[in-house]
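Take a look at the structure below.
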Amino acid sequence: MPNLSLYSISAFLILDSDGGRVLAKYYRPKNQPLLDNKALSSLKEQRAFEKGLWEKTKKAGGEIIIYDNHLAMYKHSLDVIFYVVGPTSENELMLNAALVAFSDALSMLLRNQVEKRALLENLDLVLLCLDETIDDGIIVETDATTIASRVSRPRADTTEIVINEQTLMSAYQTVKEKMQQRMGQF
């Protein structure tokens, strides 16, 4: 039976080149009780899953794997690997679209410097980008430009106030007129 649920993501992971966790976010559908599926519910199980997944995917060359009864899409980027993990019944094209959208948006936001140091220094942007892509296990956006525009920091006002002799004289004239009006009232 096809997966008819919107909850298509079980986990999102970013692991470094040594298999260490940079970022991990695990999702559980709201209607699924904690006791229903004990897979990946404890930190120990999550770490073991991440270690095994990293062992299978540490060499570049693939982008999809079924590991421990989970479908994992992954993408290498310099010294980190991005993973989107879902159930084996999930559509791999949707998982891939979410992964590519996230990594492309992050690349735009970090100016193509997607490496561990840059991710840690801009963790706020990374988390906002992830939240704009995946919300509680539901893929909400697959357009990298839209994600990046929602996450990007507003630029400082770049319009400069030009103060020259004409603006000073105009201000002086306005003040002079106001003062004359006030003096005339007394």
Find out whether [X] and [Y] are in side-chain contact, i.e. whether some heavy atom of one side chain is under 4.5 Å from a heavy atom of the other.
X: Trp54; Y: Phe49; result: no
X: Ser8; Y: Glu90; result: yes
X: Glu141; Y: Thr133; result: no
X: Glu132; Y: Leu128; result: no

Quick one: [atom1] on [X] to [atom2] on [Y], what's the gap to the nearest 0.5 Å?
X: Gln173; Y: Glu177; atom1: CD; atom2: CD; answer: 6.0 Å
X: Tyr74; Y: Leu53; atom1: OH; atom2: CG; answer: 8.5 Å
X: Leu6; Y: Asp135; atom1: CG; atom2: CG; answer: 11.0 Å
X: Gln46; Y: Leu13; atom1: CD; atom2: CG; answer: 8.5 Å

Basic-acidic side-chain contact under 4.0 Å: Asp131, Lys25: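 Here Asp131 pairs with Lys25 in a salt bridge, since their nearest N and O are under 4.0 Å apart.
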Pair up each side-chain donor or acceptor in residues 95-105 with any protein partner under 3.5 Å, not counting sequence neighbours, and list the distances.
{"unit_1": "Ser103", "atom_1": "OG", "unit_2": "Lys75", "atom_2": "NZ", "d": "3.1"}
{"unit_1": "Ser103", "atom_1": "OG", "unit_2": "Leu99", "atom_2": "O", "d": "3.2"}
{"unit_1": "Ser103", "atom_1": "OG", "unit_2": "Val100", "atom_2": "O", "d": "3.2"}

Candidate pair Asn69 and Thr88, rule side chain to side chain contact (heavy atoms under 4.5 Å, CB included), full reasoning: CA-CA 6 Å; Asn69 205 24; Thr88 54; 3.8 Å; yes
Matching residue for Lys116 among Asp16, Asp18, Asp79 - test: side chain to side chain donor-acceptor pair (under 3.5 Å):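 Among Asp16, Asp18, Asp79, the one that satisfies the side chain to side chain donor-acceptor pair (under 3.5 Å) with Lys116 is Asp16.
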Polar side-chain atom of Ser42 near backbone of Glu45 as donor-acceptor pair, under 3.5 Å: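 Flag set: sc Ser42 to bb Glu45 pair under 3.5 Å.
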Sidechain-backbone polar pair: Asp68 side chain, His70 backbone, donor-acceptor under 3.5 Å: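 The answer is no, because no donor-acceptor pair under 3.5 Å joins these two groups.
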Distance flag, aromatic centroids of His76 and Phe82, threshold under 6.0 Å: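 No, the ring centres sit 6.0 Å or more apart.
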Path from Leu130 to Val22 over hydrophobic side-chain contacts below 4.5 Å: yes
All salt bridge (charged side-chain N to carboxylate O under 4.0 Å, His left out) counterparts of Arg21, not counting sequence neighbours: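 Scan of Arg21 (salt bridge (charged side-chain N to carboxylate O under 4.0 Å, His left out), adjacent residues dropped) gives Glu50.
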Between Tyr83 and Thr57, a side-chain donor and acceptor under 3.5 Å: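 Their side chains do contain a donor-acceptor pair, which is all the 3.5 Å distance test asks for.
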Pair Asn122-Leu110, side chain to side chain contact (heavy atoms under 4.5 Å, CB included): steps then yes or no: CA-CA 8 Å; Asn122 296 292; Leu110 299 178; 3.3 Å; yes
Set of residues satisfying ring-ring contact (aromatic ring centres under 6.0 Å, His included) with respect to Tyr27, sequence neighbours excluded: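 ring-ring contact (aromatic ring centres under 6.0 Å, His included) list for Tyr27, sorted by chain: empty.
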Full working for side chain to side chain contact (heavy atoms under 4.5 Å, CB included) between Met183 and Gln180: CA-CA 5 Å; Met183 296 299 252; Gln180 286 175 347; 5.7 Å; no
Intermediate values then yes/no, side chain to side chain contact (heavy atoms under 4.5 Å, CB included), Leu15 and Leu23: CA-CA 7 Å; Leu15 302 179; Leu23 173 71; over 6 Å; no
